[in-house]
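Nothing here was measured: the structure is a model prediction, and the numbers come from that model.
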Amino acid sequence: MPTPHTRVVRQMRLWFSLFLFLVSTAYFFYGLSTLNFVTNIGRPGPGYFPAIVGGLLIVFTSVNLLKDLIATKRKELQPFRFAEVLASRQVQGGDGGSGEAEEEADRPVDVVLIVLCLTLLIGSITFLGGLLSMIVFMFVLMSIFNRKKLAMNVAYSIALPVLLYLLFDVLLNASLPRGVFGV
């Protein structure tokens with residue numbers, strides 16, 4: 001049986017999933033209703049990107065929401081009992097005896113590392129160029145959070161930036177910044 005702390009985290013996850021789904025849907029329909037999908041000369045317009053991203057967000061957030069709703073149906077989540085769960089957590093003395101509090105202790109460090117990596121990405125784009133900066137960023141970030149899988153880190157670090165390069169530079173003809181190496 002899940003501890004009270006675990007139930008609170010899962011409840012927050014359900015509500016967050018619902019929130020993301022609603023925001024994704026609003027973003028998608030806002031993009032479709034206010035922005036042109038194609039320009040006068042036939043190139044993709046400002047509504048093209050929000051439609052693609054919004055559609056993908058709706059798909060992924062609906063899958064996540066569906067998983068959380070299934071967990072609710074299986075009684076793993078009890079989304080309308082916040083006060084009861086919080087009260088039982090306080091009675092049990094904090095984290096309900098689970099080891100999750102220790103795991104949460106290093107999360108601020110993770111946030112600082114992500115912000116630092118993003119800062120380095122933004123700072124290196126003009127020097128290295130968009131493609132190389134994204135490859136370095138992905139590799140460093142994945143090496144920090146996925147230390148044991150070097151081959152997978154290298155594969156993802158190259159694959160995602162190359163796909164983004166192909167999408168923007170080739171397909172959409174919206175070039176990424178070029179660096180000192182011409183890439």
Side-chain angles (χ1 to χ4, degrees), residues 9 12-71 103 106-183:
V9 169
M12 292 185 332
R13 194 175 120 182
L14 172 67
W15 289 108
F16 188 67
S17 296
L18 178 62
F19 171 76
L20 287 179
F21 175 74
L22 293 174
V23 168
S24 301
T25 304
Y27 176 75
F28 177 75
F29 285 111
Y30 175 78
L32 287 181
S33 65
T34 61
L35 302 170
N36 295 330
F37 198 71
V38 183
T39 63
N40 294 338
I41 59 172
R43 292 181 64 187
Y48 190 77
F49 187 70
I52 291 173
V53 170
L56 289 172
L57 281 172
I58 288 172
V59 168
F60 292 125
T61 57
S62 63
V63 167
N64 198 31
L65 181 61
L66 184 63
K67 285 181 182 179
D68 290 340
L69 289 173
I70 289 170
E103 293 175 15
D106 59 347
R107 288 189 181 156
V109 173
D110 293 347
V111 172
V112 169
L113 288 173
I114 291 171
V115 169
L116 181 64
C117 286
L118 285 170
T119 304
L120 292 173
L121 169 70
I122 293 168
S124 68
I125 278 184
T126 55
F127 179 72
L128 293 177
L131 182 61
L132 287 178
S133 292
M134 286 188 292
I135 289 172
V136 170
F137 167 75
M138 288 285 298
F139 182 74
V140 169
L141 197 64
M142 291 189 72
S143 295
I144 291 170
F145 294 107
N146 194 19
R147 293 183 182 129
K148 297 180 181 177
K149 298 183 179 178
L150 180 65
M152 187 174 82
N153 293 349
V154 170
Y156 281 131
S157 299
I158 293 172
L160 182 65
V162 168
L163 288 173
L164 288 173
Y165 170 79
L166 292 173
L167 173 69
F168 286 104
D169 212 37
V170 177
L171 184 65
L172 297 176
N173 200 17
S175 63
L176 296 173
R178 305 256 183 244
V180 294
F181 303 113
V183 180

Task: Pairwise side-chain contact, Phe29 with Ser33, heavy-atom cut-off 4.5 Å (strictly under) - done: no
TODO: Could you tell me the separation between the CG atom of Leu56 and the CZ atom of Phe28, rounded to the nearest 0.5 Å?
DONE: 10.0 Å
Open item on the list: Using only atom types and a distance under 3.5 Å, with no angle test, would you say the side chain of Ser133 pairs donor to acceptor with the backbone of Gly130?
Closed with: no
Open item on the list: Can you confirm whether Phe137 sits close enough to Leu120 that some side-chain heavy atom of one is under 4.5 Å from a side-chain heavy atom of the other?
Closed with: no
Task: Close side-chain approach of Tyr27 and Val53, heavy atoms under 4.5 Å - done: yes
Open item on the list: Quick test of your reading: applying salt bridge (Lys or Arg N to Asp or Glu O under 4.0 Å), list the pairs with at least one residue in residues 116-126, sequence neighbours left out, ordered by first then second residue.
Closed with: none
Open item on the list: Do Ser157 and Val136 have side chains that approach each other closer than 4.5 Å (heavy atoms only, starting at C-beta)?
Closed with: no
- [ ] Check whether any side-chain heavy atom of Asn146 sits under 4.5 Å from a side-chain heavy atom of Met152, and report yes or no.
- [x] yes
- [ ] Taking the side chain as every heavy atom from C-beta outward, state whether Thr61 and Leu65 have any pair of such atoms under 4.5 Å apart.
- [x] no
Task: Phe127, CZ: over 12 other non-hydrogen atoms inside 6.0 angstrom - done: no
Open item on the list: Under the side chain to side chain contact (heavy atoms under 4.5 Å, CB included) test against Leu22, which residue among Leu18, Thr25, Leu20 passes?
Closed with: Leu18
- [ ] Count the heavy atoms belonging to other residues, nucleotides or ligands that lie under 6.0 Å from OH of Tyr156, then report whether that count exceeds 12.
- [x] no
Open item on the list: Contact between Phe139 and Leu150 at the side-chain level, heavy atoms closer than 4.5 Å - yes or no?
Closed with: yes
Task: Check against side chain to side chain contact (heavy atoms under 4.5 Å, CB included), Val180 and Leu128 - done: CA-CA 6 Å; Val180 294; Leu128 293 177; 5.5 Å; no
